[in-house]
Amino acid sequence: RFLSYVIRTRERGCFSMRHAFIISLIMVQYITPAGYQVLKGEFEQLKSVERPKVVQEVSEAAAQGDRSENAEYIYGKKRLREIDGRLRFLSRNFETMQVVDPKTPRGNKVFFGATVTLFDEDHDTEIVYQLVGPLDKIDSTHISYNSPIGQALLGHSVDEEVAVKTPKEMRHFTILD
């Protein structure tokens, strides 16, 4: 009910950042255990090492006197804002994260965390992807389940053909494994 209200509100052009924040609070974000550990490690590093170090540097720079022309002070305050913003982002997302182990068997369909071998019919190549969450580390072997290819693959089985409309072109894949 709430989501249909938000969609109607957005269509009328009344969509605000407040609505986006509320939606982000109710949407579950899936993440692999490895991705969760990376983000948790980053959070702890920022909170217990980086932030105290920068706070100390800022207080030492402030003790030097004139803050308006003090580069160390200005840079330190900027870095502190960046760290605080990243900590807020991570803590908000930890509330909505659901860790999903890709090793858990889920039948023969493509699911979150699955490693999928595809045959790209348009480029005549074989590609291997793992479907991960948008907060996971994404590189050439990982794609987000929210991406056009990820969305198209979810729920399909081996030997099925999938057509995907990407921002550049229409692509055709066959799921090999």
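All heavy atoms count here, side chains included; hydrogens, waters and symmetry mates do not.
Pro52 approaches Lys47 most closely through the heavy-atom pair CD-O, 3.3 Å. Across Asp136 and Thr32, no two heavy atoms sit closer than the pair OD1-OG1, 2.6 Å. Across all non-hydrogen atoms, the minimal contact from Phe89 to Asn93 is O-ND2, 2.8 Å.
Note: Asp177 CG to Thr117 OG1 = 4.5 Å, rounded to the nearest 0.5 Å. In this structure, OG1 in Thr166 is found 9.0 Å from CG in Asp122, a value given to the nearest 0.5 Å. Taking NZ from Lys53 and OG from Ser48, the interatomic distance works out to 12.5 Å, rounded to the nearest 0.5 Å. Rounded to the nearest 0.5 Å, atoms CZ (Phe111) and NE2 (His156) are 15.0 Å apart. In this structure, CD on Gln29 lies 6.5 Å from CE on Met97, to the nearest 0.5 angstrom. Put simply, CG on Leu39 and CG on Leu135 are 6.0 Å apart, with the number rounded to the nearest 0.5 Å.
Atom CZ of Phe173 sits in a crowded spot, with more than 12 heavy atoms from other residues, nucleotides or ligands closer than 6.0 Å. For Lys165, the NZ atom sits in a loose shell: 12 or fewer heavy atoms of surrounding residues, nucleotides or ligands are nearer than 6.0 Å.
In this structure, a donor-acceptor pair under 3.5 Å is present between the side chains of Glu121 and Thr174. Inspection of the Glu60 and Gln56 side chains reveals an N or O donor paired with an N or O acceptor under 3.5 Å.
Hydrophobic clustering of Ile, Leu, Val, Met, Phe, Trp and Tyr side chains at less than 4.5 Å, counting indirect connections, unites Val164 with Leu118. Each of Val38 and Val100 belongs to its own hydrophobic cluster when Ile, Leu, Val, Met, Phe, Trp and Tyr are linked at side-chain heavy-atom distances under 4.5 angstrom. Hydrophobic clustering places Val99 together with Leu90 (ILVMFWY residues linked when any side-chain heavy atoms are closer than 4.5 Å, directly or through intermediates).
The side-chain heavy atoms of Val128 and Thr115, taken from C-beta on, include a pair separated by under 4.5 Å. Counting heavy atoms from C-beta on, the side chains of Val54 and Val58 come closer than 4.5 Å. Residues Phe119 and Ile127 have side chains not in contact (no heavy-atom distance under 4.5 Å, counting atoms from C-beta outward).
When each of Lys77, Lys78, Arg51 is tested with Asp84 by the rule salt bridge (Lys or Arg N to Asp or Glu O under 4.0 Å), just one qualifies, namely Arg51. Of the residues listed (Gln45, Arg86, Glu42, Glu82), the one engaging Glu50 in a side chain to side chain contact (heavy atoms under 4.5 Å, CB included) is Gln45, and it is the only one.
Remark: Phe94 engages Tyr36, Phe43 in a ring pair (Phe, Tyr, Trp, His ring centres under 6.0 Å) (not counting sequence neighbours).
Grouping Ile, Leu, Val, Met, Phe, Trp and Tyr residues whose side-chain heavy atoms lie under 4.5 Å apart, directly or via other members, leaves Val158 alone, with no other cluster members.
Taking a cutoff of 4.0 Å between a charged side-chain nitrogen and a carboxylate oxygen, Glu57 and Arg79 do not qualify as a salt bridge.
Distance alone, capped at 3.5 Å, is enough to place a donor-acceptor pair between the Gln130 side chain and the Gly113 backbone.
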Under 3.5 Å, sequence neighbours excluded: what are the donor-acceptor pairs made by side chains of residues 143-154?
residue	atom	partner	partner atom	Å
Ser144	OG	Asn146	N	3.0
Ser147	OG	Ser144	O	2.7
Ser147	OG	Gly150	N	3.1
Gln151	NE2	Tyr145	O	2.8

